[in-house]
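First comes the structure, then the notes that go with it.
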Amino acid sequence: MTPFTFYNPTRLVFGRGRIAELPQLIPTGAKVLLTFGGGSVKRNGIYDQVKAALAEFNTVEFWGIEQNPKVETLEKAIELGRQEGVTFVLSVGGGSVLDGSKLIACALADAPKKPAWDLVLERRPKNSIDYGSVMTLPATGSEMNDNSVISRLETDEKLSFVTPKFPLFSILDPDAVKSLPKHQIAASLADITAHTLEQYMTYPGQSRSMDRWAEGLLSVVREVAPALLAESEAPEDIVDDYMLSATLALNDMIAMGVVQDWATHAIGHEITALTGTAHGASLAIVYPALLRARFNSKAAKLAQMGRRVFNLEGTDTEVATQAIDALEAFFASLGLATRLEEAEINETVDARIVERFKTRGWKLGEKRDITHVEVAEILRLARPRKA
């Protein structure tokens, strides 16, 4: 294992009815900027619960943070927060709302004031006011980490940055996800799976503990998926595991002392930025192709996953090959496209993505040996429809 320091100060408040505890979690006397997405929280009752809990607080509302939050939208929220003198940001929604709220919190603490996109380009802004979340869509893990991903319409870019503060708290009420559309659940399950794999699918033998934890999460996601996507409402225990698995997949608890990859996410972000494809859906397309392109360097871990998660049998090479097919089949079982052509993404996008990686000079993967040349090969393998 590599040396590491684990620190996660976020208070995770899990369970039904816990939104009522907001007054005990937000600093006394705070002026709160409430951030929302498109309005589903009003339809599922979460908005009324939040407003009732914060009846004694001075609050300001900002609506309209979209999927893959746009900096152009967030600038409006930042301006509102400055005008109103807010001291705390409460995100009420999914990971996109929270990712956007992280940038808002950084901008409201920034002095002198800079354009919000400049804070993203800094990659590690130095200041942030406190913020918390009420999560309504399990996927990004943003509720218990310091990462955020922001898009920019002007240049069709999507970039990540690291906040100086974790969420002060995050409330996970499983009832909040009851009304989610099935396509959102499907994309979120792919996202959870990819988060886990980015930390797991690298070198074998780094950590027995991390491997087993990651394999457990992969197995849980496979187990709960059918019930979550069925026409009937999923049982409470299934929803509980679904919501918690999203958090555990990206709060550093399976990353201790292990080398990570994240090349799939870097490529997936570009697909999303250029086409508007849902984040999780882009990962379902890229991940199997990346594994095929990088088979020699990942074969040992693929064989391990194949045996432990998918219960495959055969030689190491046979199991490793079958493991990629099994992963792709899992993504397809969610109703997601696993090829660029299936998603009707024009091949001109491939060249634009490759050119971006060439211009940036990024080297991706656990070995930092994936350049624009390898990205081109990954996209080539991801393009054709399955035979």
Side-chain angles (χ1 to χ4, degrees), residues 19 22 32-54 59-81 84 86 89-105 107 116 131-143 148-154 156-158 167 170-192 228-229 233 239 242-243 246 268-269 271-283 335-336:
I19 292 173
L22 276 170
V32 183
L33 176 64
L34 298 172
T35 55
F36 302 98
S40 63
V41 293
K42 285 191 173 180
R43 294 189 295 273
N44 62 18
I46 299 302
Y47 174 79
D48 290 338
Q49 293 181 54
V50 170
K51 291 293 287 185
L54 297 182
T59 62
V60 181
E61 297 181 15
F62 182 84
W63 292 82
I65 297 178
E66 56 276 274
Q67 183 182 14
N68 303 307
K70 310 297 187 294
V71 71
E72 291 86 352
T73 300
L74 302 177
E75 288 277 17
K76 299 174 184 177
I78 292 164
E79 184 58 31
L80 175 63
E84 296 289 340
V86 302
V89 179
L90 180 64
S91 166
V92 184
S96 290
V97 177
L98 181 49
D99 274 9
S101 298
K102 289 180 177 181
L103 183 59
I104 294 167
Y131 64 97
S133 78
V134 175
M135 292 301 297
T136 62
L137 173 59
T140 66
S142 195
E143 64 272 12
S148 175
V149 184
I150 305 297
S151 297
R152 188 187 189 200
L153 281 172
E154 183 180 352
D156 286 332
E157 291 180 277
K158 183 177 181 181
S170 286
I171 296 177
L172 275 62
D173 184 337
D175 281 346
V177 309
K178 280 185 175 180
S179 59
L180 287 177
K182 299 301 182 183
H183 69 89
Q184 284 190 331
I185 294 176
S188 74
L189 290 167
D191 201 5
I192 297 166
L228 290 168
L229 296 174
E233 186 174 295
V239 178
Y242 165 49
M243 197 165 204
H269 286 330
I271 293 174
T272 296
L274 293 171
T275 69
T277 303
H279 174 58
S282 76
L283 303 178
L336 299 173

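One is the number of the first residue; the rest follow in order along the sequence. Values reported hereafter were calculated over all heavy atoms of this structure, with side chains retained and with hydrogens, waters and symmetry mates removed. Only a predicted model underlies this, so the values are computations on that prediction, with no experimental measurement involved.
Heavy-atom contacts from other residues, nucleotides or ligands closer than 6.0 Å to NZ of K76 number 12 or fewer.
A 4.5 Å side-chain heavy-atom check between K102 and S142 finds at least one atom pair inside the cut-off. Here the side chains of L34 and L54 are in contact, with some heavy-atom distance below 4.5 Å. The closest side-chain heavy-atom distance from L180 to Y242 is below 4.5 Å. Between I185 and L189, some side-chain heavy-atom pair lies under the 4.5 Å cut-off. A heavy-atom distance below 4.5 Å is not found between the side chains of Y47 and V92. Counting heavy atoms from C-beta outward, F62 and T73 have side chains that approach closer than 4.5 Å. Contact of the K51 side chain with the T59 side chain is registered, since non-hydrogen atoms from C-beta on lie closer than 4.5 Å. Using a 4.5 Å heavy-atom cutoff, the side chains of W63 and K42 are in contact.
We find that D175 and K178 are joined by a salt bridge, their nearest charged nitrogen and carboxylate oxygen being less than 4.0 Å apart. Salt-bridge check for E154 with R152: passed, with a basic side-chain N closer than 4.0 Å to an acidic carboxylate O.
Closest approach of P167 to Y131, counting heavy atoms only: N-OH, 3.3 Å. Across all their heavy atoms, S282 and T277 have their closest contact at N-CG2, 3.9 Å. Scanning all heavy atoms of the two residues, the minimum distance from V86 to V32 falls at CG1-C, 4.4 Å. Between L137 and S188, the shortest heavy-atom distance links the atoms CD1-CB, 4.3 Å. Taking both residues in full, the closest heavy atoms of G94 and M135 are given as C-CE, 3.8 Å, listed atom of the first, atom of the second, then distance. Nearest heavy atom pair, residue A77 against residue I104, reads CB-CD1, 3.5 Å.
By the 30° and 60° cut-offs, the orientation of the rings of H269 relative to H279 is parallel.
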### Task
Carefully, step by step, assess T140 and D191 under the rule side chain to side chain contact (heavy atoms under 4.5 Å, CB included).
CA-CA 7 Å; T140 66; D191 201 5; 4.1 Å; yes
